[in-house]
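Down below is the structure, laid out as structure tokens.
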Amino acid sequence: MPEDLPAGYYLRNFTYLLNFVIERHEETLTVAEKSFFTEFQALSLDAQRLYVRLCSRKGPLFRADKLTYEDISDTAMAVAELVDEGFADRGADCDNEAILALCTRADLLCLCRQNETKSASSLKKDQLLAVVAEAMVGLPLRAQLPFTVIQPRRLDELRVFRLLFFGNLHQDMTDFVLHELGVAPFESYEIDHEARFFTDRTLLDETLALYELSELSREIIDSGERETLLQLCASLPDRNPDLGHRYDRIVNRIARQLERYDCCVEAFELYQRSSSTPARERSARLLRKMELRETSIEICQEVLRAPWDEAEYEFAVKFSRRILGKDHRFQSTLPSVESRVQTDELVLYPEKDCNVESLVCGWAEEQRFSAYYVENSLFPGLFGLAFWDIIFAPVRGAFFNPFQRGPSDLFQPTFVDARAESIAERYAFIQDRENLASTVMKHYRSKHGLANRFVHWEALSEDLLDLAMFCIPVQHLTFVFERMMSDFRNNLSGFPDLILFRDDTYQLVEVKGPGDRLQVNQQRWFRYFGEKNIPAIVTNVSYPPG
DNA sequence: ACCTTTCACACAAAA
DNA sequence: CCTGCCACTG
DNA sequence: TTTTGTGTGAAACAGTGGCAG
Ligand SMILES: [Mn+2]
Ligand SMILES: [Mn+2]
């Protein structure tokens, strides 16, 4: 059970983060960011606490009357101090709409009565909101409200601190809490205190800009405004190769939406700016749709010459074959990517609250198998446990804050190079089944629960690991590990649903219900299993009529 | 990498 | 009155 | 008919309280 956190834990965490960043990055911070730090330190305890509370909530606008915290003795005073010191404002420049959104339905009805606005009390809140907003245009809303509002400021400065600390903006203070509670604790690896996620300010600013672009483009896509999206395309920044992948993902997403709008040319131009999958696949499909068959084929040729990953390569092979026609001269030059996947058919009675995978799992148990629904947990998990210490080894620059689930270069091809020697050594060591078992079980016990990108603890039991290491030949495991390592980004998924054990044998089973089929990543693993004689089968389940 | 990713499933379109 | 959503909390 | 393409939704801490419906 999680233990209680010490009083004021959230402020302590916040201060820890600020100090951590100041110690390492002071020279890259702007004047505004540095004064954010010093002025925050100068606030009273209550004000600091309130600020941290506010900026860890969604907001961005809050009702002052609903802010009650046990450890903040005088909230009104703290609010006033934050406002005075520039860490908050009273929502002066907020429009009526934003403020009305803070009202409950009851508040809105009350406002209607005060202004003698006609409205049915049966209206839904959204409709009521619209009615009141309409009636309040040009009227002084503040005076009529039963509350005042507050809005934290300097959030941009705080964003910079967060980005410098985590190296991303999706992690936040909850990582501290979950770690301390023992819900998702992190490994205590050695942090490289010289490491800087951002080498220069330009890169930092460009990263922030890309985050903003990502958010903006998402909003525009969600809003369904085609014209606005087209305008955004015209004002995109240039691609900085150092942030290439980040840039490409945004561009790919916008282009995909343009495809849906049938803005083929604009979509194609956007894909041209991207150097990440699936830009070229989408381009090829798009060009064929535009009846530019030759250009489409050219793109496929490019992919075949220098594929960005296996999926893209296989797409190009199959797509070329299809659009080239049966007896085109290039046909014969295309390699085969097909494979005969072993399948069997199974008729089972559906059960409520039981997905088809669990159904087959239960069926296998009846057939005297030990069956586990593992999907992507087993092989990556075994890898994570067998290589745990290497994954968390203090490679230069790999660990720069205490909340990482793996080294920062994990998805770079450099991961293997930087650890080549210890990886080779570990491979040699675990060729002996006893050594493999002892390494895996040692880490299973000593690291249990610690966050590791490869290890999903909830799906790994000691029984499962024992059986897996007893029944799966080390040679097979090594083959699987090697393919995983050749491309972590793409090859950590697509594993079959189930693994069955009986005596000293095993069988991987991908369950397919009616209407389901192998996905491309699953196909690639099945092809590999076939090449390496790893026992894997697709089980097609159907249900009896009625 | 919840700013995701992964998987299954529904339906439409193409072959 | 109950239920589901969602934001918040530790 | 079968195969292929595309879009959708759920699940990834757990427990609680406020609020809308
Ligand atoms: Mn599955
Ligand atoms: Mn399946």
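Just so it is clear: chains get the letters A, B, ... in the order the sequence lines come, proteins before strands, and each one is counted from 1.
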Distances under 3.5 Å only, N/O to N/O: pair up the protein atoms with those of nucleotides 9-12 of chain D.
none

Nearest to the [X] side chain among [options], which nucleotide is it?
X       : options                   : value
E510(A) : dC13(D), dA8(B), dC7(B)   : dA8(B)
K512(A) : dA8(B), dG10(C), dG5(D)   : dA8(B)
K58(A)  : dC8(C), dT6(D), dG21(D)   : dC8(C)
R105(A) : dG10(C), dA20(D), dA10(B) : dA20(D)
R517(A) : dC13(D), dT4(D), dA8(B)   : dT4(D)
Q522(A) : dC7(B), dC9(B), dC8(C)    : dC7(B)
V177(A) : dG10(C), dA8(B), dT6(B)   : dG10(C)
F62(A)  : dC8(C), dG21(D), dG10(C)  : dC8(C)
T104(A) : dG10(C), dA20(D), dG5(D)  : dA20(D)

Does the side chain of [X] get closer than 4.0 angstrom to OP1 or OP2 of [N] through an N or O atom?
X       : N       : value
K124(A) : dG21(D) : no
Y9(A)   : dG10(C) : yes
R405(A) : dT4(B)  : no
K318(A) : dA15(B) : no
H170(A) : dT4(B)  : no
Y69(A)  : dC8(C)  : no
R288(A) : dA14(B) : no
R322(A) : dT4(D)  : no

Between the side chains of [Y] and [X], is the shortest nitrogen-to-carboxylate-oxygen separation below 4.0 Å, so that they form an ion pair?
X       : Y       : answer
E187(A) : K447(A) : yes
R12(A)  : E180(A) : yes
R483(A) : E310(A) : yes

Just distance, no hydrogens or angles: give the donor-acceptor pairs under 3.5 Å from side chains in residues 283-292 of chain A, sequence neighbours left out.
| unit_1 | atom_1 | unit_2 | atom_2 | d |
| --- | --- | --- | --- | --- |
| S283(A) | OG | A279(A) | O | 2.9 |
| R285(A) | NE | E281(A) | OE2 | 3.3 |
| R285(A) | NH2 | E281(A) | OE2 | 3.2 |
| K289(A) | NZ | D262(A) | OD1 | 3.3 |

Shortest non-hydrogen separation from [X] to [Y] and the atoms involved:
X       : Y       : answer
P544(A) : Y349(A) : CG-CE2, 3.4 Å
C233(A) : L258(A) : SG-CD1, 3.6 Å
N452(A) : G384(A) : ND2-O, 3.9 Å

Round to the nearest Å and state the distance from [X] atom [atom1] to [N] atom [atom2].
X       : N       : atom1 : atom2 : value
I323(A) : dA15(B) : CD1   : P     : 11 Å
K125(A) : dG18(D) : NZ    : P     : 15 Å
F319(A) : dA14(B) : CZ    : C1'   : 12 Å
L102(A) : dC6(C)  : CG    : P     : 18 Å
R321(A) : dT3(D)  : CZ    : P     : 16 Å
W525(A) : dT6(B)  : CH2   : P     : 13 Å
L50(A)  : dT9(C)  : CG    : P     : 11 Å
F495(A) : dA8(B)  : CZ    : C1'   : 19 Å

Residue pair D46(A) / S73(A), side-chain donor-acceptor N/O under 3.5 Å: yes
Degree of bending, the helix from dT4(B)-dA12(D) to dA15(B)-dT1(D) (end axes from five pairs; round to 10°): 0°
Sugar-phosphate only, base, or nothing, as touched by K289(A) at under 4.0 Å among non-hydrogen atoms: nothing
Those residues of residues 374-384 of chain A lying under 4.0 Å from DNA chain B by at least one heavy atom: E375(A), N376(A)
Heavy atom of residues 248-264 of chain A under 4.0 Å from DNA chain B: which residues? R249(A), R253(A)
Tell me whether [X] contacts the main-chain N or O of [Y] through its side chain, where contact means a donor paired with an acceptor under 3.5 Å.
X       : Y       : value
Q404(A) : F400(A) : yes
N376(A) : G494(A) : yes
Q257(A) : I254(A) : no

R53(A) NZ/CZ over Y10(A) ring centroid, <6.0 Å and within 45° of normal: yes
Could you tell me how far dC2(B) sits from dA7(C) if I compare only their C1' atoms? Round to whole Å. 15 Å
Could you give the distance separating dC6(C) and dA10(D) at their P atoms, to the nearest angstrom? 11 Å
Residue met sooner reading DNA chain B from 5', once N168(A) and Q519(A) are mapped to nucleotides: N168(A)
Need to verify one output field. Residue with the more 5' nearest nucleotide on DNA chain B, S214(A) or N521(A)? S214(A)
Taking atom [atom1] as the centre, does [X] end up with more than 12 heavy-atom neighbours from other residues, nucleotides or ligands that are less than 6.0 angstrom away?
X       : atom1 : result
D344(A) : CG    : yes
E97(A)  : CD    : no
Q342(A) : CD    : no

Taking salt bridge (Lys or Arg N to Asp or Glu O under 4.0 Å) as the definition, give me every residue that meets it alongside R162(A), ordered by chain and number, with sequence neighbours left out. none
Specify whether F176(A) and F403(A) have parallel, tilted or perpendicular ring planes, treating 30° as the upper limit for parallel and 60° as the lower limit for perpendicular. tilted
